[in-house]
Amino acid sequence: MLKLEGISFTYGEAPVLEEVDLRVDQGDTLSIQGVSGSGKTTLLKLVAGLEREHKGRVYLDDEEITTRVPEDRNVVYLSQEALLFPHLSVFENIAFGLTVRKVEKEKLQAQVQGLIRRLGLEGLSDRSPEQLSGGQKQRVAFGRALIVNPDLLLLDEPFASLDRSTREQMQQLFKEVVHEWGITSLFVTHNVKEAIMMGDHIALLKDGRLHQYESMQAFIDDPQSGVKEEKSFWESL
Amino acid sequence: MKSRFKKILILATAALYGFPFLYMGLMSFARRWTYPSVLPDLLTIEHWRQLVVGQIEISYSFLLSVVLSLSVAATATIGGFITSKYIAEHRRSRWLLLGTYFPFILSPVIYAAFIYYYFVWMDLTGHVAGVFIGHLLLAYPYAIILCTGFWSRRSRKMEEVARTLGSGPWTTFARVLIPLARGILLMTFFQTFLISWFEYGLTTLLGIGKIQTLTLLVYQFITEANIYYAALSSFLLLLPPLILLLFQRRWLLYKVKGEW
């Protein structure tokens with residue numbers, strides 16, 4: 001379970017996040033929708049420990065992790081770009097988290113091979129990232145994140161750069177795997193439709209302030225979410 | 001026709017670069033040579049034998065120069081890479097980077113004159129350690145300048161990904177950043193090696209005649225008109241940079257494919 005209490009962050013003099021509170025239960029996905037510059041990425045970086053100059057507290061499974069360094073949080077960050085390590089093969093990229101944890105070779109091999117099969121990456125193990133398509137790269141990045149069995153997965157518009165059909169495949173795969181593994185996750189997107197589709201719960205981040213909705217319907221009904229605007233646009237065509 | 005011209009041009013360029021090297025190699029075997037002959041009258045392996053058995057000071061100077069330059073290059077490259085990261089991420093990175101140009105705004109000799117007092121005060125003049133530090137004061141900022149180009153938004157993101165996957169700062173350095181930067185690191189090593197290897201003015205001032213690197217010896221033999229030893233030492237002077245160049249030719253052009 002993830003809990004944020006009174007998170008505020010300023011960049012220089014400018015406030016980026018103001019008194020953000022949120023809660024995500026174990027195994028749930030919270031979608032955070034917001035336009036560019038609303039503070040979505042900053043929020044994820046704070047949770048990951050990549051930005052630590054902030055006010056407020058971060059709790060993971062009832063344990064405070066506010067001052068912990070990123071490598072001690074078991075919170076994995078997945079961004080829009082796959083950011084695969086170009087000097088490593090697909091297998092080595094996926095195995096990275098286990099390698100730095102010094103997991104036994106046989107165990108590592110079995111886990112990575114299993115995940116490669118689950119993600120439909122058979123036959124690509126020895127390829128280098130440059131030989132992969134955009135969708136395959138994101139699958140590898142997803143596998144690299146899953147292999148460490150994270151307590152929390154942070155997804156920063158991970159499918160935004162993919163074409164429509166690949167994006168839909170990846171969204172489906174993400175939903176299946178996250179539920180199968182019972183992973184708690186924060187899914188950040190500017191896309192209203194994607195936010196509704198991907199999350200078990202939803203929140204809106206606007207001008208650094210976060211509003212977590214009781215239900216999807218409450219989000220849809222809120223004029224600030226922009227759902228009604230979009231709906232009326234399509235109806236007017 | 002075009003490809004033939006290209007071939008001739010390549011051969012001419014190769015000859016232009018190769019001739020002095022070959023000629024110096026040949027002259028290092030000369031026993032008797034009189035002006036204006038192009039080729040020596042007599043050849044011998046005597047100078048090389050003396051070099052191998054360590055009978056002449058060239059042997060010592062060559063070894064000293066190799067050890068000195070390799071140490072300077074390794075220290076400057078490692079130190080420069082780490083420092084450049086902190087400079088690139090610093091709020092005043094532009095100002096800090098500007099400071100690294102200081103030794104090059106002055107010439108190395110004037111720079112040596114600048115720091116000479118401190119070296120005398122610390123009793124470093126005339127010692128290998130003093131010359132090492134002197135060379136490092138030139139090579140280290142140069143390494144910083146070269147390595148700064150590596151640090152970008154993308155390298156930062158790669159680092160962040162590795163950290164969230166459980167990799168500590170040093171593991172991230174060793175497993176992610178250094179492999180990504182190997183092209184730039186090899187280039188930096190090569191460049192800083194050359195700075196130290198061919199350094200003359202600063203070495204003369206700080207070495208006060210007691211430290212004779214190969215570069216200093218070449219000048220000495222030339223001024224003494226000792227053409228056989230001058231040829232031998234010049235040949236040796238060109239050898240390590242040539243070996244390094246051949247060794248890292250592919251790395252000079254190295255780029256992590258696709259993503260970098």
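A, B, ... follow the sequence lines: proteins, then strands. Residue 1 opens every chain.
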**OP:** With a 4.5 angstrom heavy-atom cut-off, could you sort out which part of A:V148 is near chain B: side chain, backbone, both or neither?
**Re:** side chain
Original post:
Just by distance, do the side chain of B:S71 and the backbone of B:V67 share a donor-acceptor pair under 3.5 Å?
Top reply: yes
**OP:** Assess the side chains of A:T41 and A:D156: does a donor N or O sit below 3.5 Å from an acceptor N or O?
**Re:** yes
Subject >> Option in B:K157, B:R163, B:E160 with maximal non-hydrogen atom pairs under 4.5 Å from chain A >> reply: B:R163
Original post:
Among A:V76, A:V112, A:L84, whose side-chain contact (heavy atoms from CB on, under 4.5 Å) with A:R144 holds?
Top reply: A:L84
Original post:
Between B:G168, B:P169, B:G166, which residue shows the highest count of heavy-atom pairs closer than 4.5 Å to chain A?
Top reply: B:G166
Original post:
So, A:R118 and A:E176, do they make that salt bridge, N to O below 4.0 Å?
Top reply: yes
Original post:
Is chain B contacted by the side chain of A:F96, its backbone, both, or neither, given a heavy-atom distance below 4.5 Å?
Top reply: side chain
Original post:
Stepwise, does the salt bridge (Lys or Arg N to Asp or Glu O under 4.0 Å) test hold for A:E63 with A:R68?
Top reply: CA-CA 11 Å; A:E63 211 177 318; A:R68 278 197 206 164; 2.4 Å; yes
**OP:** Could you tell me whether the side chain of B:E159 and the main chain of B:T172 form a donor-acceptor pair under 3.5 Å?
**Re:** no
Original post:
Is chain A contacted by the side chain of B:S167, its backbone, both, or neither, given a heavy-atom distance below 4.5 Å?
Top reply: both
Original post:
Which atoms of A:R73 come close to chain B, meaning under 4.5 Å heavy atom to heavy atom: side chain ones, backbone ones, both, or neither?
Top reply: neither
Original post:
Measuring heavy-atom distances to chain B, does A:E81 have an atom under 4.5 Å in its side chain, in its backbone, in both, or in neither?
Top reply: side chain
